[in-house]
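First comes the structure, then the notes that go with it.
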Amino acid sequence: MAPLFMTSAPMRPIHIIGGGLAGSEAAWQAANAGVPVILHEMRPSRTTAAHRTPHLAELVCSNSFRSDDSSTNAVGVLHREMRALGSLVLKSADAHQVPAGAALAVDRDGFSQAVEAAILSHPLIEVERGEIAGLPPEDWDSAIIATGPLTSPALAEAIGGLTGTSALAFFDAIAPIVHAASIDMDVAWMQSRYDKEGPAGSAGAYVNCPMSRDRYEAFIDALLAAEKTEFREFEGTPYFDGCLPIEVMAERGRETLRHGPMKPFGLTNAHEPKVKPYAIVQLRQDNALGTLFNIVGFQTKLKYGEQSRIFRMIPGLDKAEFARLGGMHRNTYLNSPRLLDARLRLKAERRLRFAGQITGCEGYVESAAVGLIAGRFAAAERLGLALEPPPATTAIGALLNHITGGHIESIDEGPRSFQPMNVNFGLFPPIAEPRFDEAGRRLPGAERGLARKRALSARAERDLSRWMEGDQAPFAAA
Ligand SMILES: Cc1cc2nc3c(=O)[nH]c(=O)nc-3n(C[C@H](O)[C@H](O)[C@H](O)COP(=O)(O)OP(=O)(O)OC[C@H]3O[C@@H](n4cnc5c(N)ncnc54)[C@H](O)[C@@H]3O)c2cc1C
């Protein structure tokens with residue numbers, strides 16, 4: 001019998017494409033806020049070159065979520081925030097921990113089976129297996145694309161058609177990024193080549209590190225002898241001119257780097273104006289805060305340990321602290337600072353939101369964190385609520401800010417200047433380095449760095465709590 005009274009129409013679902021770390025977390029957050037979700041995962045009918053199982057939230061390589069130290073490590077702060085925000089990924093990781101010292105490592109099968117079981121038993125989540133081989137249909141008025149670094153080619157092509165192919169990369173080519181405070185400015189100096197002014201009006205935009213001939217030769221020897229990482233079979237070798245790893249440039253000739261990214265022309269050493277450097281390494285500001293600088297043209301496949309050792313041979317970088325080391329991988333990701341708004345929506349088509357590694361964050365934890373916030377944004381929108389992005393002083397806010405605007409675009413390198421990033425304290429707005437401990441004792445220099453990290457962590461904790469006290473009603477039970 002037909003009902004006497006019409007009930008209100010059921011709420012339309014949010015469609016989430018990709019049941020990895022980000023998509024699973026986004027689904028959980030949105031459903032816990034009372035919004036129905038359809039989660040589309042192509043495995044097992046179609047798989048990627050790295051996944052091995054049909055399970056949601058599969059860890060494709062290491063089983064580590066990295067440091068769980070929330071007082072002095074940025075990823076530990078992110079763990080703490082995700083736990084506070086009811087993350088399914090962190091809850092499942094905590095439940096399936098294996099011993100790993102200060103790190104949070106998991107039994108990978110137990111972990112992904114736990115995520116999958118929670119998703120499958122949620123009354124508001126439906127999982128549909130099958131590839132979404134093009135843009136989401138027009139009648140999906142809210143969709144989150146969380147298809148990861150190995151997005152299926154058909155969908156990647158469709159996204160590229162929407163964003164312009166130059167705004168979608170298929171490989172990252174990452175140059176190391178250094179914490180600005182760790183550069184020795186008694187050796188390095190600020191200057192742009194030929195004192196050219198950029199659009200920001202500064203003729204001193206680059207940090208320059210001078211090398212004598214002896215230092216250059218030793219550096220080339222070290223590059224040639226260093227251990228490299230191989231590309232995986234499915235990655236191919238994506239070298240194209242203009243983006244060669246530095247060790248490959250060195251292999252092509254001992255002078256190649258000196259005529260490429262290390263050319264010494266148009267620059268005068270501010271500390272020794274009469275001495276002409278044989279080569280110069282340049283670093284360019286990487287984020288709007290000015291706390292991070294990348295080494296220009298130093299994309300590399302050197303092993304991480306080798307990178308720290310060899311790049312510290314550069315005068316001025318002998319005590320460099322790296323926010324991230326270089327790399328080159330198969331990785332589908334957007335030029336997000338240009339394409340996405342502050343709530344992760346595609347500016348050109350706001351029904352589409354992106355989450356996870358495809359937005360330009362990197363790592364399991366970061367991908368899940370961006371999924372978490374994307375799920376909340378989409379749910380709030382569906383419920384007609386305004387949800388402010390978390391403050392940039394929190395780990396999740398700092399990561400979001402990097403993706404949606406914190407990175408500053410390089411005019412000379414085009415869209416590829418935005419490179420994927422793990423969370424790190426360099427993404428947080430700076431804080432004055434504490435000089436005294438709580439008892440008023442003057443801190444020795446070596447302890448100030450740790451004290452600064454503790455202060456950043458304490459500020460993040462306080463600011464996340466304040467944000468959570470705001471208009472978060474539908475998420476209270478998450
Ligand atoms: C080879 C490799 C090794 C890595 N090793 C590490 C590591 O050791 N530690 C680390 O922290 N990070 C590592 N990463 C990065 C890691 O993959 C990401 O950090 C994380 O998995 C990204 O989460 P995500 O949800 O964005 O993507 P994923 O976890 O990859 O999830 C994306 C999901 O989307 C599905 N999908 C893709 N296209 C479609 C489509 N068209 N329709 C439907 N479903 C689709 C995929 O099957 C997949 O399940 C590695 C990446 C690769 C490629």
Side-chain angles (χ1 to χ4, degrees), residues 15-28 38-67 75 78-79 88-89 93 103-106 108 111-112 115-116 119 127-137 140 143-159 170-172 174 229-235 304 324 327-334 336 344 353-372 374-375 399 403 420-423:
H15 291 265
I16 299 177
I17 309 174
L21 277 299
S24 301
E25 185 66 61
W28 182 253
I38 301 179
L39 178 61
H40 303 263
E41 168 52 56
M42 69 178 182
R43 288 175 293 122
S45 61
R46 192 184 170 111
T47 190
T48 77
H51 289 85
R52 296 283 170 264
T53 78
H55 295 304
L56 301 178
E58 179 181 335
L59 304 178
V60 291
C61 189
S62 133
N63 64 334
S64 173
F65 283 37
R66 317 204 306 281
S67 173
V75 77
L78 191 57
H79 289 174
L88 173 62
V89 164
L104 172 59
V106 302
R108 67 178 69 240
F111 164 77
S112 57
V115 172
E116 182 163 299
I119 294 278
V127 177
E128 281 191 6
R129 299 278 178 172
E131 180 188 4
I132 304 300
L135 288 180
W140 293 6
I144 300 177
I145 301 178
T147 43
L150 305 174
T151 295
S152 76
L155 178 58
E157 199 178 311
I159 295 169
F170 293 99
F171 276 87
D172 49 38
I174 299 167
T229 316
E230 296 304 320
F231 280 103
R232 291 170 187 244
E233 207 177 302
F234 68 88
E235 294 183 298
Y304 282 173
R324 72 152 304 149
M328 292 178 84
H329 313 96
R330 170 86 172 76
N331 190 7
T332 312
Y333 69 99
L334 298 170
S336 297
L344 295 165
R353 205 173 234 110
F354 285 83
Q357 189 147 318
I358 198 169
T359 63
C361 62
E362 189 172 332
Y364 302 142
V365 185
E366 288 84 345
S367 298
V370 177
L372 184 156
L399 196 57
I403 293 165
M421 188 73 123
N422 286 125
V423 70

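From a predicted model like this one, the values you see are computed outputs, not experimental measurements. As the structure lists them, so they are numbered: ligands from 1, and atoms in each ligand from 1.
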Of all the non-hydrogen atoms in the protein, which one sits nearest to [atom], and at what distance?
atom: atom 44 (N) of ligand 1; result: M42 N, 3.2 Å
atom: atom 31 (O) of ligand 1; result: G20 CA, 3.2 Å
atom: atom 5 (N) of ligand 1; result: C61 CB, 3.0 Å
atom: atom 13 (C) of ligand 1; result: Y364 CE2, 3.7 Å
atom: atom 42 (N) of ligand 1; result: I132 N, 3.0 Å
atom: atom 34 (O) of ligand 1; result: G18 CA, 3.3 Å

Backbone N or O of [Y] within a donor-acceptor pair of the [X] side chain at under 3.5 Å?
X: R330; Y: D172; result: no
X: T332; Y: P149; result: yes
X: R108; Y: L59; result: yes
X: E366; Y: V423; result: yes
X: E58; Y: T53; result: yes
X: N331; Y: F171; result: no
X: E41; Y: R43; result: yes
X: S367; Y: G363; result: yes
X: T47; Y: P44; result: no

Would one find more than 12 heavy atoms of other residues, nucleotides or ligands at under 6.0 Å from atom CD of E157?
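Open.
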Are more than 12 heavy atoms from other residues, nucleotides or ligands located less than 6.0 Å from atom CZ of R232?
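Incorrect, the count does not exceed 12.
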Among [options], which one puts a heavy atom closest to [atom]?
atom: atom 38 (N) of ligand 1; options: S152, A158, P44; answer: S152
atom: atom 47 (O) of ligand 1; options: E41, H40, E235; answer: E41
atom: atom 30 (O) of ligand 1; options: H51, Q357, R66; answer: H51
atom: atom 4 (C) of ligand 1; options: T47, V60, T151; answer: V60

Give the atoms of ligand 1, by number and element, whose distance to some non-hydrogen atom of [X] is under 4.0 Å.
X: L155; result: 41 (N)
X: G356; result: 26 (O)
X: G363; result: 10 (C), 11 (O), 12 (N), 19 (O)
X: G148; result: 26 (O), 27 (O), 32 (C)
X: A22; result: 25 (O)
X: I17; result: 42 (N), 43 (C)
X: P149; result: 17 (O), 27 (O), 30 (O)
X: T147; result: 32 (C), 34 (O), 36 (N), 37 (C), 38 (N), 39 (C), 40 (C), 45 (C)

Could you tell me whether T48 and ligand 1 have an N or O pair separated by under 3.5 Å?
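For ligand 1, there is no N or O atom that lies under 3.5 Å from one belonging to T48.
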Any N or O on L150 sitting closer than 3.5 Å to an N or O of ligand 1?
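So ligand 1 has no N or O lying under 3.5 Å from an N or O of L150.
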Kindly say whether the aromatic ring centers of F354 and Y333 come within a distance under 6.0 Å.
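Ring centroids of F354 and Y333 are no less than 6.0 Å from each other.
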With heavy atoms only and a cut-off of under 4.0 Å, state how [X] meets ligand 1: side chain, backbone, both or neither.
X: S367; value: side chain
X: L21; value: both
X: A154; value: neither

To the nearest 0.5 Å, tell me how far L56 CG sits from L21 CG.
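Here the interatomic distance stands at 10.5 Å.
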In terms of the angle between their ring planes, are H15 and W140 parallel, tilted or perpendicular, with boundaries placed at 30° and 60°?
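Ring orientation of H15 relative to W140: parallel.
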